[in-house]
Amino acid sequence: MKKYKVGIVGATGMVGQRFITLLDNHPWFDITVLAASSRSAGQKYKDVGGKRWMMDVPFSEKVGEMVIMDATADVEKIAGMVDFVFCAVDMKKDEIKALEEEYAKHECPVVSNNSAHRHTPDVPMVIPELNPEHTAIIEAQRKRLGTKRGFVAVKSNCSLQSYVPAIFPLNKFGVKDVLVCTYQAISGAGKNFETWPEMVDNVIPFIGGEEEKSEVEPLKIYGKVEGDKIVPATSPAFTAQCIRVPVTNGHMGAVFVRFENKPSKEEIIEIWNNFKGVPQELELPSAPKQFLNYFVEDNMPQTKLQRELEGGMAVSIGRLREDTQYDYKFVCLSHNTLRGAAGGAVLLAELLCAQGYMD
């Protein structure tokens, strides 16, 4: 396998830092460029990132010595140095859309952690185990952009990745209605308890824009590639309530599901335990061997115990039981900055490499 030269655009933020930890010793990818805002550009990463570092593992000496480039002013130069970039910038949505398309137009593919392009009809929004076929829309996007190699691909919102993977394999029973309450870690806001002390011993029942994302984005994942766009599905119907809780990492969802043809509890658990996606079949480096993990204990999964399962790339499920109003209810858990953010984007990049889109 050849090594791909990659850049991290937005390398000093929390997700950018997570990208660094995942890519520092990656078997396929070699960090070649670190880019951030003009405030950080021209300085060594250790002098900027070192002051803001929030990860529990240190960055390597190689990364520390790298000079940060300007994410917006050096697009052409960066594009010429790498095979593709990961994007995790903190900018206004319109600015992010324009920046990511600018990289693409310089023939540099972009794998984005940002939400800006999630609803662009010809940009694939992929959870690799669920809808890997959506990458086929890249050819239509390249025609629109006028590129040979360049394109933008995105991963979905982090909280979706705790519960949508559990619902998706049950499609054959006709999933009709989904109600979910998510309990989301503070790292989802790019914070820890030092930078957000008011979250200690506190719960905030509002996360800006999160409920809309939780209700709309699954329909794109469920959608179909038709011509030059991805047409979102019209069902299942999702409704969500999203709550910020005093946890460092890990988003939990309490899920209620109604089916057209109600399966047995045993059928559901068997499907979860046997579910494999393309990443598992291809044995991609970041793919968990067991993607969905069902716990039979009444008090599992627990955020602190299961969020790191399979390097934080697996989904934990528990407490499946019948409900008095819906058919079933259960809880799900995933690591929001690994499976939900940087790790999900790295797995998507691996899928795109395996499919030949990075060549």
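Counting non-hydrogen atoms of other residues, nucleotides and ligands closer than 6.0 Å to CD of Glu194 gives a total of 12 or fewer. More than 12 heavy atoms of other residues, nucleotides or ligands lie within 6.0 Å of NZ in Lys46, so this atom counts as buried by the packing criterion. Atom CG of Asp201 is surrounded by 12 or fewer heavy atoms from other residues, nucleotides or ligands within 6.0 Å. Taking a 6.0 Å sphere around NZ of Lys62, one finds it holds more than 12 heavy atoms contributed by other residues, nucleotides or ligands. Summarising the local packing, CG of Asn192 is surrounded by more than 12 heavy atoms from other residues, nucleotides or ligands at distances under 6.0 Å. More than 12 non-hydrogen atoms from other residues, nucleotides or ligands lie less than 6.0 angstrom from CD of Glu65. Around atom CD of Glu283, no more than 12 heavy atoms belonging to other residues, nucleotides or ligands sit under 6.0 Å away. Summarising the local packing, CD of Glu76 is surrounded by 12 or fewer heavy atoms from other residues, nucleotides or ligands at distances under 6.0 Å.
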Please lay out, stage by stage, how Glu267 and Glu270 fare under the test side chain to side chain contact (heavy atoms under 4.5 Å, CB included).
CA-CA 5 Å; Glu267 283 178 300; Glu270 185 180 1; 5.6 Å; no

Begin with the C-alpha distance, continue with both residues' side-chain angles, and end with the deciding distance and a verdict on side chain to side chain contact (heavy atoms under 4.5 Å, CB included) for Thr337 and Val15.
CA-CA 7 Å; Thr337 70; Val15 176; 5.6 Å; no

Could you walk me through whether Glu217 and Ser156 pass side chain to side chain donor-acceptor pair (under 3.5 Å), step by step?
CA-CA 7 Å; Glu217 287 187 22; Ser156 72; 4.7 Å; no

Residue pair Asp122, Ile138: steps toward the side chain to side chain contact (heavy atoms under 4.5 Å, CB included) verdict:
CA-CA 7 Å; Asp122 61 9; Ile138 286 169; over 6 Å; no

Walk me through whether Phe238 and Ile167 qualify under side chain to side chain contact (heavy atoms under 4.5 Å, CB included).
CA-CA 11 Å; Phe238 285 83; Ile167 298 163; 4.3 Å; yes

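Between the side chains of Gln280 and Glu129, at least one donor N or O sits under 3.5 Å from an acceptor N or O. Between the side chains of Glu310 and Gln290, no donor-acceptor pair of N or O atoms lies under 3.5 Å. Of the N and O atoms on the side chains of Asp70 and Ser38, not one donor lies less than 3.5 Å from an acceptor on the other residue. Under the 3.5 Å distance criterion, with hydrogens and angles disregarded, a donor-acceptor pair is assigned to the side chains of Asn157 and Glu210. Residues Gln161 and Ser334 bring no donor and acceptor atom of their side chains to less than 3.5 Å of each other. Between the side chains of Thr182 and Arg244, no donor N or O sits under 3.5 Å from an acceptor N or O. Donor-acceptor pairing under 3.5 Å is recorded for the side chains of Gln355 and Thr135. For the residue pair Thr12 / Arg52, a side-chain donor-acceptor distance below 3.5 Å is found, with atom types taken as modelled.
Taking the ring centroids of Phe168 and Tyr222, they lie under the 6.0 Å cut-off. Aromatic ring centres of Phe291 and Trp272 lie farther apart than the 6.0 Å criterion allows. Ring centers of Trp53 and Phe59: under 6.0 Å apart, within the cut-off.
Ring geometry, His26 versus Phe29: the interplanar angle falls under 30°, so the pair is classed parallel (tilted spans 30 to 60°).
A salt bridge (Lys or Arg N to Asp or Glu O under 4.0 Å) with Glu322 holds for exactly one of Lys329, Lys265, Lys262; it is Lys262.
In terms of heavy-atom proximity, Ala71 sits nearest to Ile78 at CA-CD1, 4.5 Å. The minimum heavy-atom distance between Leu219 and Pro236, with the atom names listed, is CD2-O, 3.2 Å. Closest of all the heavy-atom pairs between Ala104 and Leu145 is CB-CD1, 3.9 Å. Contact detail for Arg118 and Asn113: the closest heavy-atom pair is NH2-O, 3.4 Å. In terms of heavy-atom proximity, Phe330 sits nearest to Gly318 at CB-O, 3.4 Å. Across Pro124 and Ile137, no two heavy atoms sit closer than the pair CD-CG2, 3.6 Å.
Rounded to the nearest 0.5 angstrom, Cys108 SG and Glu102 CD are separated by 11.0 Å. Of the inter-residue distances, the one linking Ser286 atom OG with Glu350 atom CD reads 3.5 Å to the nearest 0.5 angstrom. Put simply, NE2 on His335 and OG on Ser187 are 6.5 Å apart, with the number rounded to the nearest 0.5 Å. Interatomic distance, Asp228 CG to Gln141 CD, rounded to the nearest 0.5 Å: 11.5 Å. Rounding to the nearest 0.5 angstrom, the gap separating the CD1 atom in Ile31 from the CG atom in Asp24 is 4.5 Å. The distance from atom CD of Gln17 to atom CE of Met55, rounded to the nearest 0.5 Å, is 5.0 Å.
Val164 and Met252 end up in different hydrophobic clusters when Ile, Leu, Val, Met, Phe, Trp and Tyr side chains are linked at under 4.5 Å. In this structure, Val9 is not a member of the same hydrophobic cluster as Val346, with clusters built from ILVMFWY side-chain heavy atoms closer than 4.5 Å. Both Val247 and Val203 belong to a single network of hydrophobic side chains, linked directly or stepwise wherever heavy atoms of I, L, V, M, F, W or Y lie under 4.5 Å apart. Tyr328 and Val296 fall within the same hydrophobic cluster, defined by Ile, Leu, Val, Met, Phe, Trp and Tyr side-chain heavy atoms under 4.5 Å apart, directly or through other members. In this structure, Phe86 is a member of the same hydrophobic cluster as Leu347, with clusters built from ILVMFWY side-chain heavy atoms closer than 4.5 Å.
Of the possible donor and acceptor atoms, one in the side chain of Asn114 sits under 3.5 Å from a partner among the backbone N and O of Val89. Side chain of Gln43 to backbone of Arg39: a donor-acceptor contact under 3.5 angstrom is found. Tyr183 places no side-chain N or O within 3.5 Å of a backbone atom of Ala254 that could act as its donor or acceptor partner.
Side-chain contact check for Ile317 versus Tyr163: every heavy-atom pair is 4.5 Å or farther apart. Counting heavy atoms from C-beta on, the side chains of Val111 and Cys87 never come closer than 4.5 Å.
Taking Ile, Leu, Val, Met, Phe, Trp and Tyr as hydrophobic and joining them when side-chain heavy atoms fall under 4.5 Å apart, one finds Tyr326 in a cluster with Leu179, Phe256.
Contacts of Glu139 classified as side-chain hydrogen bond (donor to acceptor under 3.5 Å, both in side chains), with partners at least two apart in sequence or in another chain: Arg142.
Relative to the six-membered ring of Phe259, Lys172 misses at least one condition, a distance below 6.0 Å or an angle of at most 45° to the axis.
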